[in-house]
Amino acid sequence: MSLAAAGAGGAGLGGGGLSTAAMAHNAGGVPGGLAAQHQQHHQGIPGGGGGPGMSAPGTTMFAGAADLLDKNQSFLSGKNVRAVAKMPLVAVDLYGDSCGVAYFPPSKDEGAGGNGKGAKMDDEMVAMMRAMAKVKKGVLARSVGDYGETNVTLKKDDATSYKAVKRYLNKGEGHGAVLEDALVVSETKGDNIVIPRPHLFMGVRRTSDLNDATKSKFASILPDEDENAENGNFSAINETNTTSPVSITTIAMDGSSQPKGDDYDRVAFQMKLNSKKKLMTILPEEALALVIAQCKKKVKEEHAIAENGFEEIKEEDDDDEEAYMDYPPAFAIPGWAATDSTIEALIDAAGGSGCGPTLHQRSVAACVGALLPPPTEGNASNAKPAPPPASDLTKLLTETMQIKDAEAAKEAAKEAGLNRTDPVEPDPFVPLVVLAGATEEGVELTAVQITKPQGADAELHCPFGNISVISSVCHALGGEGSTKSVFESALDELREQIGVAVPESEEPTAIVTYGSVEKQAELSSMLKTVLTKYGKDGQGNDDWDGWDQDIPLVSTGEDCVPLGTAVLGASVHGRVRVIISVKGTDGKMRPKAKAGLTVQDVATCAVAVSFNYFGGLETNDNKQDRWTEPKVIFDFDRRGPAGP
């Protein structure tokens, strides 16, 4: 018997199989779509960790025996990270409506004044000069715009285009030729082939496993439901298809002539790139690899301009033509898309021979982006640099923490005076922030607690050093539920889970929206309606948790997620770090680098197994379900952290 790590639903194997499924936990028995569809589950994805010489990044996605994010993090050895230290880190928001792209520049050896001479930090003066150098450089994370709708558009009936794509599919190389000769990145006249949003199809074994949002959006290119599929009979690629330039099919990855309904099946695109040639078949991850390659190439060009100005860039040798393919990538992934099969396919699509990708929860990336100071130009003068202006969210959190701490200290002093005792220092106020995001395909709601304020001289990119995820509720859209109904039920569930997980917490200090301007406006309208309802329901209720229309709503820029992803990836790679003093064995204090930002997730899903002994076939004329009922082997446990 072999293990099929096939996402939430699993897939049949020829003679038998076992599926490990990540199942959603409904807190307090809240009914909702999370239990109905396994792909709509709460997931945590690593968001922080260390760089060279530091502890390995934590893993937070727990989806069975073969944890693919564990494998992903194992790519990030000190050797691999050092190998790409001189390359820009490319951050991509694949699941955003416009696929935002940002980057974090390469590491540079910082001397006493940031001049690369490598002065040792043996005294406070050197430490102060290094901190000043950080502030002087300003915010390093840079947005380079967006890719578009994440479609792959190729020139049709073009000999050069056909040759480049064929070589790429046959040999797995030649990204540069495809980008140069075949890929269309802007609106141009002519007949083109459009492969729509391939990341939504990655890792899927059969079209029936696609979520409702994808099925509804791309119904025109999906095949008709095959009634024989339940009996294990799957149609092979239709070579005679001439009615549609692009369509969806199912192929077998084990060399079989047609799919068998097992774990070797994959959903793929078939396209008529040349009307005089045979159909081409391209896997979603192969198509997505072209999007990622284009994003890396764009970062390479923008970084060269940032470093050298608008000077003429010399043409590169053929050997360096695709050097950007080794740029380390970082991806922001929503919880509803974080299935193991999707993660595995995304790692394959990332490409490059150096360091593997870093994966981050999209809502956490939005939180980091919302806290990030606005971009400022570096200060080349020798004068003491002024700290950059804080973001709206950072200002709100800082002011609220100061007010709450002052009130608590005053109350503690008053109580100590009445009891004639020494005042006890109260615990610092911990703000609770709710992050709300939505795209055409899904809704995300995440509650986090933010702690450890740190000044710009410690780490400019991270005004706070710790983000603890309390709960994350994510739904894929589609079916009968509208965005409004799904969002309202998800917010109800998140509110209930917060009450169970951190009952001592007050109402959220802020609710942050992220995504496109249109989606944020829609979310703000829905939030105002729901919060007003909460406020009315709480009138006269002694157990009311304080949720009402007075909670501040903070909007963000459209580049919030890619910028936050860039900072998270830089933290994992050791490019964003703080210097602390550690006492050595000889009693002397010595500087030590640690991650500038730590993200702590919790396991928010249960893990179950399901067995298949029949390979999807009917036996003895008795119709049987291919899979047994899932049996939970690791139940949901809020107390068990998913990472260190």
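We count residues from 1, following the sequence as given.
H461 has its ring centre less than 6.0 Å from the ring centre of F104. Ring centroids of H199 and Y95 are separated by less than 6.0 Å, placing the two rings close together.
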Practice problem: For side chain to side chain contact (heavy atoms under 4.5 Å, CB included), just list the numbers for L371 and I450, CA-CA rounded to whole Å, side-chain angles, deciding distance to a tenth of an Å, and then say yes or no. | Solution: CA-CA 10 Å; L371 293 170; I450 301 175; 4.2 Å; yes
Practice problem: Evaluate the ring pair (Phe, Tyr, Trp, His ring centres under 6.0 Å) criterion for residues H303 and Y103: first the C-alpha distance (whole Å), next the side-chain angles of each, then the deciding distance (0.1 Å), finally the verdict. | Solution: CA-CA 8 Å; H303 177 60; Y103 76 95; 5.7 Å; yes
Exercise. Kindly determine whether T446 and V469 satisfy side chain to side chain contact (heavy atoms under 4.5 Å, CB included), including the steps that lead there.
Key: CA-CA 7 Å; T446 301; V469 179; 4.0 Å; yes
Quiz prompt | Full working for salt bridge (Lys or Arg N to Asp or Glu O under 4.0 Å) between K519 and D97 | solution = CA-CA 9 Å; K519 286 295 181 183; D97 288 333; 5.4 Å; no
Quiz item: For D93 and F331, what are the C-alpha separation, side-chain angles and deciding distance, and is it a side chain to side chain contact (heavy atoms under 4.5 Å, CB included)?
Solution: CA-CA 6 Å; D93 181 22; F331 301 111; over 6 Å; no
Quiz item: Can V185 and Q294 be said to form a side chain to side chain contact (heavy atoms under 4.5 Å, CB included), step by step?
Solution: CA-CA 9 Å; V185 294; Q294 179 63 27; 3.8 Å; yes
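Contact annotation: the side chain of V576 never approaches that of L597 to less than 4.5 Å [non-hydrogen atoms, C-beta and beyond]. Looking at S524 and T513, their side chains come closer than 4.5 Å, going by heavy atoms from C-beta outward. Contact of the T394 side chain with the P373 side chain is not registered, since no non-hydrogen atoms from C-beta on lie closer than 4.5 Å. Considering only heavy atoms from C-beta on, K298 stays 4.5 Å or farther from V101 through its side chain. Between P552 and L396 there is a side-chain heavy-atom pair separated by less than 4.5 Å. Taking the side chain as every heavy atom from C-beta outward, L397 and L393 approach each other to under 4.5 Å. Under the 4.5 Å side-chain criterion, counting only non-hydrogen atoms from C-beta, F487 is in contact with L527. The shortest side-chain heavy-atom distance between K297 and Y324 falls under the 4.5 Å cut-off.
Residues H573 and S571 have side chains that never bring a donor and an acceptor to within less than 3.5 angstrom of each other. If you check the side chains of S468 and N466, you find a donor sitting under 3.5 Å from an acceptor. A donor-acceptor contact closer than 3.5 angstrom is absent between the side chains of S472 and E444.
Rounded to the nearest 0.5 angstrom, K300 NZ and C295 SG are separated by 15.0 Å. The CG atom of L568 lies 11.0 Å from the CG atom of L563; values are rounded to the nearest 0.5 Å. Going from atom CG of L94 over to atom CE of M202 covers 7.0 Å, rounded to the nearest 0.5 Å.
Listed here is the closest heavy atom pair of V84 and C355: CG2-CB, 3.8 Å. For the pair A501 and I470, the tightest heavy-atom approach, listed with the atom from each and the gap, is CB-CG2, 3.8 Å. Summarising the geometry of I498 relative to A447, their closest heavy-atom pair is CD1-CB, 3.5 Å, with the distance given to 0.1 Å. The shortest heavy-atom contact between V299 and A102 is CG2-O, 4.2 Å. For the pair T400 and F429, the tightest heavy-atom approach, listed with the atom from each and the gap, is CG2-CE2, 3.8 Å.
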